[in-house]
Amino acid sequence: MCSNNEGGLTKFEPKPDLALFRKCLKCDKNSVVVTRINDAMCKECFVEYFTHKFRATIGKSKLFDKDEVVMFPYSSSDSSVAMLHLLFKGVGEEAKKKFTFKTICVYIEDNYVFESNSSTHERITFMENVKKSVEYSGFKFYYSLIENCLEPSKNIVSDEIAKLNLNNENKEKFLNLINSCKNQTSKEELLKRLKTQLINRIAIELKIKKIIFPVSCTNLTIDMLTNVALGKGAHLSIETSLEEKLSNGLVYVRPLRELTSKEIAFYNRYNNIDSNIMAKSSSLKNLPNSTIYRLTEKFINSLQNEYPTTVPTIFRTSDKLTPTDELCPEDSCMLCELPVDTIKKISANSSAINDLEYSLSISRLDNTAIEKLFVLKSVCYSCSVVLKDVGGHGNLPQTIKDKIKSRDNLKDKIKEFLIED
Amino acid sequence: MPVNCIRCNQNRAILKRPKTGDAMCKECFFFVFEEEIHKTITDAKLFKPGEKIGIGASGGKDSTVLAYVLKTLNERYNYGVELVLLSVDEGITGYRDDSLESVKRNQIEYNLPLKVITYEELYGWTMDEIVKKVGRKNNCTFCGVFRRQALDRGGLILGVNKLVTGHNADDIAETIFMNILRGDIGRLQRCTSITTGNEGAIPRCKPFKYTYEKEIVMYAYFKKLDYFSTECVYSPNAYRGNARMFIKDLEAIRARSIIDIIHSGEKLAVKKDAKLPIQGTCERCGYISSMNLCKACNLLEGLNKGLPKLGIGKTDRLRKQYNLSPAYSLNSSMANLSLKSSQLSLNSEKDCNCDCGENSEKSCSNQAKNSNNQLNNKLETIVDLNF
Amino acid sequence: MLHLTIEFSGGAELLFGNVKKHQVELNNDTKWTIRELLVWIKDNLLKHKPEMFLQDETIRPGILILVNDSDWDLLGNLSYELNDNDNVTFISTLHGG
């Protein structure tokens, strides 16, 4: 079948060597950076444009109340350091209209997942270094540990390293869980979802309602396509919009979402702030084709190089999406905590879920337990794939184990109604 | 060490199913492959007894397997439908003429009637001639736009109730990504429907919506089906090629990806206030179009007037330059255009509107009107079906 | 000799033994453009995994190049001809864990 229908986007062919003659779009100076589709700007105008865009995103939507405390999960990535700097400037002396909300930073230590065998001592040093790099902002700073996601107890966050429950046993337990994942994509996804669970719990423990995520337009575009590939289409708009209210009462805000990763890199460069490479080590260990996220990142970046409208176009697509009415808000997924998307519309009998279930039932006599989670609406489509790849469920967080257990109990009760087994 | 089939646990497995990861023997694979398509057909209620079903047959693997499986299932499960093959001959030497040979062999082997409809008779141009005129850069645009209407015209001639095409799960997954990349929200919503165009036009269905390309190839291979597998001789579209590569790479990382992408697509919802293009009809041929003039009419006018760039890229500027009436306007009156021509079919012949004096079924080859004026104007499907 | 400062940041330095700043001298018998410089870096500075740095004979998409703090998109990209004392910076925008 011919697949050559309709062209794509316009190809961008830079004109070589006009170089130093190109003037800034806004003033008479020579330009130093090309941004948006093909706008050239000088350093000063670029930084002003960048700052303005961030402030406008926050201001326009009146996202935060006066004196409201917002939580910033700081990761020392490019976009993290840029957002910290922007927030700092927003409350600084020279800011014309100061931000009136209060930011607190939370850093979740998880480097050992990528850097094998980092000792407790190394972890402490690392956390101290992160704190030092944030100190200039004057924002209150909290620490947490990724393995805390396994613990049902409170005290998962502290403003003193000494009060953290740093021990090898918990660390090993978490590593065992992550490493029991049968493939890299599920591993990445499991880590991401557990980290988000922890962030949610920290916000609740600190009695904070709004969480600001430093997600750039480029990240968002990659996340969006990755989510499509992972079967997470139902959650696309929840995971990409500027402001999203979750069913647990928390609100996610993404004030960096109109800025690209290139713009962020230039902003950081011109302000002499650098991301911490430790936070990026995983990206340099995983080959471009090793996981779905990596592959999508490569796909988007390559397209973006050739067609500079790629990221803005996908971004606009995301803005036109909304959560489907086929979600059950009262049933949230045990892993990603988003509404379950496996409800079956009686009117539409043919669906990917039906097809998949049929394929499984026709080819084998016994289905594995996780696939049947659909039946009880305790896991979303995409996370069921992840959980299937987790080796021993014994390592999962207590909260998830509890849910699986109650599901099993429920399954016993409704056994006679189930077609399977 | 040989693996046994997960289903019968007796025979040696010959493939690992990408969707489920199950190892399966040949016989069990044939069985589940056919049963799943049967399930899709019955779940989505694609066929009613007594219907005449046109199978879009290109001679390639998808449509060959589709014709074979539909014939098998129609006999096995008594769908009670009449199957006919419908081929479009774009006029591409060394590609379509060869692939049509394989359709003709299938026609004899499966004992199904075949109708071949040519670009030449529809538009007065073969693709070979068009390529000579426009070069290799934009020829795929012409081919794609023309093909949409060609199948429908063929369907009308044959009097079919439905058209089925061999679009497989990989095609759908690719289209979902293409529409996200293009920001085409309208098509993004529609492209996962298994049937499109129920209101008046010839509905189109995709019985292979959940069937992996890999399994179609395996099925054709093990069944030793006769199909034509050469790529089109004219250059492929790079942008779409990128999306295809991406799907293949995804499949390599996680074999089941394709069904996951389709699930994603099925769960995408568009904001109510998002602006969708107003669907009107072409004022020249009555075909569904968001512009005054549909793309096919635009392209044909360009070809016939020696301005092959018309309809590609900045059409409006070109039209102005050559004093042609504008092809695009936001005139809301478009939406009010009468839909009464929707009952027209090729059987109710009229004189060609281009003043050539010919009956339009014959070969008036010099006007856009000829090819398009009698087409059903609610053929929304066609635009969608080629995504 | 052509004297260049080559910098890696945003994580790109991990491919170069974690060294951010390199002072290099190139024999300027021939012209040096970014195209040749990339090959030279791959052969002389890169510690491992060339596919993490180069792709299809250019920089891996997602790694930015700046010359004297200016975007290489303004300078003719691969064909930019290097001058003595140029500072060439590579910033990875690729996402981390």
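Naming convention: chains lettered A, B, ... in sequence-line order (proteins, then strands); numbering from 1 in each chain. What you see is a predicted model; the values in this text were computed from it and never measured.
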Counting only non-hydrogen atoms closer than 4.5 Å, does I247(B) touch chain A with its backbone (N, CA, C, O), its side chain (CB onward), both, or neither?
neither
Residue part contacting chain A, namely of I194(B), when any heavy atom lies under 4.5 Å
side chain
Against chain A, label F29(B) side chain, backbone, both or neither, depending on which of its atoms sit under 4.5 Å from a heavy atom there.
neither
Judged by atom type as modelled, is there a donor-acceptor pair below 3.5 Å linking the side chain of E266(B) to the main-chain atoms of A352(A)?
yes
Tell me, with the steps shown, if L181(B) and T313(A) meet side-chain contact (heavy atoms from CB on, under 4.5 Å).
CA-CA 6 Å; L181(B) 290 176; T313(A) 309; over 6 Å; no
Relative to chain B, which segment of S318(A) carries a heavy atom at a distance below 4.5 Å: side chain, backbone, both, or neither?
neither
Taking atom types as modelled, find out whether R254(B) and T291(A) have a side-chain donor-acceptor pair closer than 3.5 angstrom.
no
Please confirm whether the backbone N or O of I180(B) pairs with a side-chain atom of T317(A), one donor and one acceptor, at under 3.5 Å?
yes
When you look at Y358(A) and D43(B), which way does the side-chain contact (heavy atoms from CB on, under 4.5 Å) test go after all the steps?
CA-CA 11 Å; Y358(A) 185 70; D43(B) 275 0; over 6 Å; no
Can you tell which part of K232(A) gets under 4.5 Å to a heavy atom of chain B, answering side chain, backbone, both or neither?
backbone
Which answer fits L188(B), side chain, backbone, both or neither, if we ask what part of it has an atom under 4.5 Å from a heavy atom of chain A?
side chain
Side chain, backbone, both or neither of K19(B) within contact of chain A (heavy atoms, under 4.5 Å)
both
Contact origin within L230(A) toward chain B - heavy atom pairs under 4.5 Å:
both
What part of P312(A) gets closer than 4.5 Å to chain B, counting heavy atoms only: side chain, backbone, both or neither?
neither
With a 4.5 angstrom heavy-atom cut-off, which part of T221(A) approaches chain B: side chain, backbone, both or neither?
neither
